[in-house]
Amino acid sequence: MKSSNPILSRWSTGPSGQYQRDPVNAAAGEYGTSPYAPLADTGRQVDSASLTMDEVIVRTATTLGIVVLTAVLSWLLLPVDEANLGRSYGIAVAAALIAFVLSIIQAVKPTPFPALIIGYAAFEGVFLGVFSGAVSTHIAPGVVGQAVLGTFAVSAGTLIAYRMRWIRVTQRFAGFVGAAAMGFLLLLIADALFSSFGAGNGLGFHSGSLGIVFGLVGIVLGAAFLALDFKQVEDAIAHGAPRKTAWLAAFGLTTTLVWIYLEVLRVLTIFKSDD
């Protein structure tokens with residue numbers, strides 16, 4: 001099964017049934033078995049070295065816990081008041097760049113490296129803490145708590161919809177989400193370019209009705225990514241992936257949840273700033 005999350009989309013089953021990275025099919029997003037097809041009962045017993053849902057939950061909780069802890073610490077230790085604004089912003093930008101580099105390194109590696117994943121979570125938390133503190137202090141007080149609750153609500157709703165099969169994760173669904181995500185990211189890049197070359201508000205995605213609509217589209221895309229990630233993890237467990245891939249699952253799920261949080265924060269901030 002293919003996920004639109006680039007971190008999870010590299011998993012594949014080999015001819016022996018052992019879960020592995022397929023260097024040929026990884027680029028095309030295809031697997032040794034037909035993607036999204038019901039899994040046949042091969043009679044193979046899953047041993048103690050195979051991935052379990054408990055492993056995925058523990059590793060995901062660990063990674064998200066590191067994100068939350070470093071976010072809270074950075075919020076407290078790197079205030080965004082007038083006296084510390086430049087320093088805090090500089091640290092946040094540096095942390096975001098380091099987190100991005102670590103995520104790229106892990107994404108291209110065939111196996112998960114817990115140290116890279118933990119480092120990514122820590123630096124991502126620093127960025128989120130300073131960014132959230134700036135939004136809450138200077139733009140929309142109290143919005144961060146609402147954004148956290150909103151992220152939980154979107155995630156829980158997506159999980160329920162997936163488990164109830166209200167969301168049918170198919171190849172067509174994955175293709176549509178991938179195309180929509182590409183268009184969304186291209187618009188973000190265009191918006192950043194317009195802002196950099198004199199158009200202060202870019203394409204208008206930071207305020208007003210257009211900004212709210214754009215943010216809602218981002219939330220829906222994040223929920224779609226999450227459903228694809230759930231399917232990827234479910235298939236990995238069914239195919240007997242090794243336990244160490246729980247870290248890879250945690251990494252991918254964390255990136256998706258961070259995406260959802262930022263888009264929820266965007267929408268709520270626009271609502272509050274327009275009041």
Could you pull out the closest heavy-atom pair between G218 and W259, with the gap in Å? O-NE1, 2.9 Å

Distance-minimising heavy-atom pair for G129 and S74: CA-OG, 3.2 Å

Answer yes or no: is there a donor N or O on one side and an acceptor on the other, between the side chain of H138 and the main chain of A134, under 3.5 Å? no

Atom pair OG1 (T137) and CH2 (W75), whose distance is rounded to the nearest 0.5 Å: 6.5 Å

In terms of hydrophobic clustering (I, L, V, M, F, W, Y; side-chain heavy atoms under 4.5 Å; direct or indirect links), are V130 and F100 co-clustered? no

Would I66 and V68 show up in the same hydrophobic cluster when neighbours are defined by side-chain heavy atoms closer than 4.5 Å? no

Do L97 and F127 come within less than 4.5 Å of each other through their side chains, counting heavy atoms only? no

Output the distance between atom CG (D54) and atom CD1 (I237), rounded to the nearest 0.5 Å. 9.0 Å

Rounded to the nearest 0.5 Å, the CG atom of L210 sits from the CD1 atom of I270 at a distance of 8.5 Å

Return yes when atom CZ of R163 has more than 12 non-hydrogen atoms of other residues, nucleotides or ligands closer than 6.0 Å, and no otherwise. no

In this structure, CD1 of I219 is separated from CD1 of I260 (nearest 0.5 Å) by 8.5 Å

Counting C-beta onward and ignoring hydrogens, is there a side-chain heavy-atom pair between K109 and L116 closer than 4.5 Å? yes

dist I98:CD1 -> S103:OG (nearest 0.5 Å) comes out at 12.0 Å

Considering non-hydrogen atoms only, spot the tightest contact between L221 and A180 and give its length. CD2-CB, 3.6 Å

Applying a strict under-4.5 Å side-chain criterion to I, L, V, M, F, W and Y, I'd like to know whether I117 and V58 cluster together. no

Would you check if I167 and F173 make a side-chain contact, meaning some heavy-atom pair closer than 4.5 Å? yes

What one should report as the nearest heavy-atom pair of G125 and T70 is CA-OG1, 3.1 Å

Within a radius of less than 6.0 Å around OH of Y120, do more than 12 heavy atoms belonging to other residues, nucleotides or ligands occur? yes

Answer whether the closest heavy-atom distance between the side chains of I105 and F113 falls below 4.5 Å. no

For R165 and R168, work out which heavy atoms get closest and say how close. O-CD, 3.4 Å

Within the distance-only criterion (no hydrogens, no angle test), does the side chain of T255 pair as donor or acceptor with the backbone N or O of G252 below 3.5 angstrom? yes

Heavy atoms, side chains only, cut-off 4.5 Å: are Y162 and K231 in contact? yes

Determine whether L262 and L128 make a side-chain contact, defined as any pair of heavy atoms from C-beta on separated by less than 4.5 Å. yes

Between F214 and E263 the two heavy atoms that sit nearest each other are O-OE1, 4.4 Å

Hey, is the main chain of L248 close enough, under 3.5 Å, to the side chain of T245 for a donor-acceptor pair? no

Indicate, with yes or no, if V220 and V267 share a hydrophobic cluster defined by side-chain heavy-atom contacts under 4.5 Å among Ile, Leu, Val, Met, Phe, Trp and Tyr. no

Verify whether one side chain among Y261 and S132 offers a donor that lies under 3.5 Å from an acceptor in the other. yes

Name each donor-acceptor pair under 3.5 Å that joins a side chain in residues 141-157 to protein atoms two or more places apart or in another chain, with its distance.
from : atom 1 : to   : atom 2 : distance (Å)
T151 : OG1    : A147 : O      : 2.8
S155 : OG     : T151 : O      : 2.8

Are V80 and Y89 side-chain neighbours, meaning at least one heavy-atom pair lies under 4.5 Å? yes

What pairs with E124 under salt bridge (charged side-chain N to carboxylate O under 4.0 Å, His left out), at least two apart in sequence or on another chain? none

ILVMFWY network linking V233 to L64, side-chain heavy atoms under 4.5 angstrom: yes

Hey, is the main chain of L78 close enough, under 3.5 Å, to the side chain of S88 for a donor-acceptor pair? yes

